[in-house]
Each structure stands twice: as structure tokens, then as C-alpha cells.
Amino acid sequence: MTCDSVSKLIPLYYYGELMPEDEDRVEAHLHECGACAREMDRQRSMAVALDHRHAEYPAVLLDDCRADLMAAIHGGAPRSGKPGKSAWTLFLDAMAESLAGLGRFRQPVAAAALIAVGFVVAKYTPGGLPFANRGYSAASMAPEDVFATIRSVQPDSAGHVQISYDETRRRVISGNTDDLNIRKLLLAAAHEQNPEVRAESVDFLKSRAASIDVRDSLLNELAYDSNARVRLKALEALKPLAADPDVRKTLAQVLLTDDNQKIRMQVVDLLVAHRDDSMVGMLQNVMQREDNNYVRLKCEKALKELNASVGTF
Amino acid sequence: MGQDAAGAVGARLSPQIDSLIRAAQRGDHDAFEQLVRAYDQSVLRLAMNLLRSPEDARDVYQEAFLRVYRNLHAFRFDCSFHTWLYRIVTNICLDQLRKRKVRKEESAVMETAEGPIDRMDSVEEDGVDSNPERTMWNRQLKQRIDTALEDLTPRERMVFELRHYQGLRLRNIGEMLGTSEEAAKNCLFRATQKMRSVLGDFV
């Protein structure tokens with residue numbers, strides 16, 4: 001075997017991908033040829049160096065992925081969570097949670113969303129409210145369409161069992177985001193418990209970001225959503241509005257508070273692209289607390305261009 | 001992190017996995033969940049190592065297993081489930097890598113007094129090392145390795161990832177990527193040569 005042919009086989013030899021007879025021939029050559037043996041050593045060193053670059057996922061990521069997947073498949077909450085809750089109950093719970101204990105900014109948006117859903121459901125559900133007891137017998141229920149939450153089980157006066165339950169029907173509606181009702185439903189869905197639903201809703205709302213109610217909802221998601229993917233989608237949707245003072249106010253808040261580096265890096269790009277003197281204090285503040293080199297360098301550059309000092313005194 | 005079913009590289013399907021697939025095909029959700037848990041650690045590790053972003057890895061996980069969920073009825077046991085699953089996963093990852101190549105070309109690398117800085121360089125922070133010289137060397141090596149990996153085409157990157165980091169055989173890799181073992185060998189050779197040329201005297 002020539003050195004040239006062996007050098008072409010070294011990677012395959014290292015990974016054990018040669019046929020046994022080729023492997024023997026390469027091995028024999030490596031014993032006799034110092035130059036090729038050194039090549040083989042380089043191959044090993046490179047593999048060792050590359051092993052150190054192996055990325056591990058954060059421990060919580062696997063749990064999050066599993067929960068998201070099961071939620072997407074079952075159309076509601078993760079199954080390991082609270083079995084038996086209907087999609088509608090979960091929705092109301094999520095809405096109640098989102099209304100409780102939030103800042104002033106979030107409350108009006110969430111309230112509007114709740115009203116919007118009431119309106120849309122009333123409009124699209126013939127026969128009235130989803131909780132109305134319309135006397136379905138168990139046999140008439142299509143299991144994939146009706147969700148029930150048992151509220152109580154107790155004996156009645158005749159000695160029978162009395163079961164009280166809420167029921168919700170799943171309905172599928174489709175329409176264009178031009179349709180006000182579709183938009184209202186999307187705005188409501190942006191507060192759903194399932195992050196996948198929130199992310200998809202935000203994605204659909206992107207084309208309507210210029211409308212005030214959509215813009216406020218996107219700002220709300222960007223500032224407060226617990227899921228980084230949803231926040232990134234909201235940020236993406238808000239990019240064309242980066243010069244809007246209200247948007248910039250939220251972007252500045254996100255730059256100072258968001259714990260996700262990828263989001264902060266994108267936010268700083270948007271902020272410095274439309275820089276103005278009013279940003280100086282905020283940028284100096286970021287310089288004091290930011291760990292990420294990219295964000296720091298962007299802020300530093302912007303401060304210099306604004307003829308401001310990098311630190312505060 | 002624990003080893004999952006995909007960790008046993010090239011192994012035949014265990015009867016348990018086989019029956020989980022059949023049960024899941026009949027609509028048994030618990031079986032599907034167990035099936036996911038048998039493979040999802042490897043899938044997440046692959047996505048994370050290729051894309052180096054938890055958000056992107058999460059997207060890959062979600063999309064891959066949703067596709068599995070929707071198409072499991074079409075799985076006919078004419079290849080291993082692992083190969084079938086990885087065909088889905090590698091396709092999604094290749095799409096992401098291709099999109100990223102485009103984004104990278106669009107995104108401005110920031111010029112600084114210390115030279116150009118790429119925004120993603122700072123995503124992974126180094127651990128603290130008491131030896132500053134070694135820290136510096138490690139950092140330079142890390143940057144060089146990242147450059148080397150980014151210089152690969154998405155397909156070369158995928159073959160290298162599956163062979164070097166996931167320990168799969170080139171024959172399986174070819175099967176997953178819809179190509180021959182020979183083509184996978186050529187891809188691995190090209191990837192190795194490119195990396196050796198970028199890493200230069202570091203190795």
C-alpha cells in the first residue's frame with residue numbers, strides 16, 4: 001500500500017469502517033511508515049479534541065419537551081398533570097391564572113381575550129353556551145368531540161346516583177386572520193396553557209402585528225411568556241415595529257430582564273438599529289449587569305456612537 | 001443522562017419495543033409515550049449537538065415525534081424503528097442546518113477591536129480554569145472547532161455527527177440519509193479532511 005492510499009483510509013480505519021483485509025493492510029503499513037503513523041496520531045488527537053465539544057442538553061429540557069409533546073398530542077394539558085380536566089376547563093384555568101397576580105400591562109389584554117372567547121364561542125356554537133346542559137345521553141356522545149369534567153357524584157332522593165358534569169364540544173373553525181373573530185380567538189389562544197398553541201397563535205398573529213390589539217398581545221407575550229420559544233416568536237413578529245416607542249419600551253425591559261441570551265442578543269440588535277439619546281441610561285444599565293459579550297459589545301458600540309460614556313458615575 | 005433504546009447502536013429491536021410499536025399503532029397512547037421515552041434522549045442529544053440551541057433542539061424534538069405520531073400507522077417493520085425515526089429526525093435537522101447557513105450568511109458578524117465576533121460565540125461560556133494559558137488555548141481550540149464544523153456542508157456535518165458523536169455505523173447512516181454506504185464514507189472522508197485543514201496545528 002502506498003502512503004497516498006493509506007492517508008485516504010485513515011479516517012475510515014480510525015472509525016472501524018474498513019473491511020477486515022483493508023484494515024490489516026493499513027495496520028501493517030502504519031507499523032512500517034513513521035509519516036503515516038503520525039497522520040494516524042493526528043486523526044486520534046482531532047477526535048479527542050472534538051469529543052470535548054460535545055453539547056449536552058440542560059436537564060429540564062427533556063421534561064419540557066415531553067410535556068409539550070404530550071400536550072400537543074392530547075390537545076390540552078400534559079397527561080401526567082391533571083387527568084380528567086377538559087380542554088375548556090384547562091382554558092378557563094389558564095385564563096384565571098393569567099389574570100391573577102400579573103402586572104398592570106398584562107391584565108387588560110387577558111381580560112380582552114376572555115371576552116373575545118366568550119363572544120366567539122357564542123357565535124360559533126349553535127345552541128348557546130358550552131356549559132349548557134342539552135340533555136345528551138352517553139350513547140349519543142362522540143368521544144373525540146365531547147369533553148366532560150365530573151363536578152360531583154352523590155346519591156339523589158330516589159336512591160340513584162346523581163352525577164353532575166360540565167361538557168364541552170370540540171369544534172373546528174377556519175378562517176383568515178382578516179376575520180376579526182378569528183383574530184380574537186388567536187389573541188385568546190396566545191394565553192393558552194399549551195406553549196405549542198401559544199407559539200402557533202403568535203406566529204399567525206405576526207401578519208397583523210400593526211393592529212394595536214395584536215401588537216399589545218405580542219408585547220405581552222414577549223415580556224411575560226414563560227416559554228422562550230413563544231417569546232422568540234413574539235419578538236420575530238415585532239421586528240417590523242422596532243421603531244415604535246411602545247415596542248422599544250418593552251424591548252428595553254426585555255433586554256434588562258430576560259434570562260435567555262438568544263433573546264437578549266436579538267433585542268439588542270433591534271434597539272441599537274434605531275438608536276436615540278433616550279437610550280443612553282438604559283444601555284449604561286445593561287453594561288453594568290450584562291454577562292453576554294455580544295450584547296455588551298453592541299451596547300458599548302451604540303454608547304460610543306451616541307457620544308456617551310460606557311459606565312455611569 | 002440515562003441511556004435509551006437508541007443507545008444500543010445497531011441492535012435489533014427488542015421484543016418490548018416491537019410490541020410497543022404495535023400497541024401504539026392500535027391507538028394505545030401509553031405505549032406511544034413509552035416508545036417516545038425509549039428514544040427521545042438520543043434524539044434530543046443529536047439535535048442539541050447539531051444545532052447547539054435548546055430552543056432549536058426543542059423544536060426538532062416536537063416536530064419529529066409529532067411526525068412519528070401522525071405516521072406511525074405507516075411503519076411496516078421493513079427497517080428498524082430506530083432507522084425510521086432517525087430518517088425523520090435527520091431530515092428536520094438538515095432543514096434547520098440549511099436554514100441556519102442562509103441566516104448565517106445574512107447575519108452580520110460584529111467587528112471589534114479584538115477582531116470579528118460571532119453572536120453565537122458567547123452562548124456557551126467556558127468553565128473557570130485556574131491556568132489562564134490553558135483557558136486561552138482551550139478557547140481558541142473551541143473557536144477553531146466551531147469554525148471547522150460550520151465549514152462543513154449540512155450533509156457532511158450530519159454524517160460526521162452521526163458517526164463521531166452518535167457512534168452509528170456508516171451503513172446505517174447511509175440508510176437513514178437515503179444514500180449508499182459508499183457515499184456516506186466519502187462524506188465522512190471529506191468532513192475529516194476539511195476539519196483537519198481548519199484545525200491545523202491545534203491537533
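None of these values were measured; they are calculated from a predicted model. Residue numbers start from 1 in every chain, and the chains themselves are labelled A, B, ... in the order their sequence lines are given, proteins ahead of strands.
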Checklist entry - Mind checking whether B:Ile173 and B:Gln166 have side chains closer than 4.5 Å, heavy atoms only? => result no

Does A:Tyr15, at its OH atom, have more than 12 non-hydrogen atoms belonging to other residues, nucleotides or ligands within less than 6.0 Å?
yes

request  = Taking atom NZ of A:Lys239 as the centre, report whether more than 12 heavy atoms of other residues, nucleotides or ligands fall under 6.0 Å from it.
outcome  = yes

Looking only at B:Phe189, B:Phe32, B:Tyr165, the option with the highest number of non-hydrogen pairs under 4.5 Å against chain A is B:Tyr165

Within residues 176-187 of chain B, the residues sitting under 4.5 Å from chain A by heavy atom, in sequence order, are B:Glu181, B:Lys185

Whatever's closer than 4.5 Å to a heavy atom in chain A on B:Leu44 counts as both

A:Glu17 side-chain N/O to B:Leu170 backbone N/O, donor-acceptor pair under 3.5 Å
yes

Whatever's closer than 4.5 Å to a heavy atom in chain B on A:Asn260 counts as side chain

When the 4.5 angstrom heavy-atom criterion is applied to A:Glu196 and chain B, the contacting part is side chain

| Does some side-chain heavy atom of A:Ser226 sit less than 4.5 Å from a side-chain heavy atom of A:Arg198? | yes

Highest number of heavy-atom pairs under 4.5 Å with chain B among A:Ala199, A:Ala228, A:Cys65, A:Pro11 belongs to A:Cys65

Lys/Arg N to Asp/Glu carboxylate O, A:Asp225 vs A:Arg231, below 4.0 Å | no

So, the part of B:Ile145 with a heavy atom under 4.5 Å from chain A: the answer is side chain

Looking only at B:Arg70, B:Arg171, B:Met195, B:His164, most heavy-atom pairs under 4.5 Å shared with chain A are made by B:His164

Discussion item. I'd like to check A:Leu251 versus A:His274 (side-chain heavy atoms, cut-off strictly below 4.5 Å). Are they in contact?
Written reply: no

Does any non-hydrogen side-chain atom of A:Leu18 lie less than 4.5 Å from one of A:Arg25? no

If one checks every heavy atom of B:Phe65 against chain A at 4.5 Å, the contacting part turns out to be both

A:Gln261 vs A:Asn292, side chain to side chain donor-acceptor pair (under 3.5 Å): CA-CA, chis, key distance, verdict: CA-CA 7 Å; A:Gln261 297 191 73; A:Asn292 181 283; 2.5 Å; yes

For B:Ala74, the side chain to side chain contact (heavy atoms under 4.5 Å, CB included) test, sequence neighbours excluded, returns none

Smallest heavy-atom separation, A:Gln266 atom then A:Leu235 atom, equals CB-CD2, 3.6 Å

Honestly, the part of A:Asp64 sitting under 4.5 Å from a heavy atom of chain B is both

So, the part of A:Leu69 with a heavy atom under 4.5 Å from chain B: the answer is both

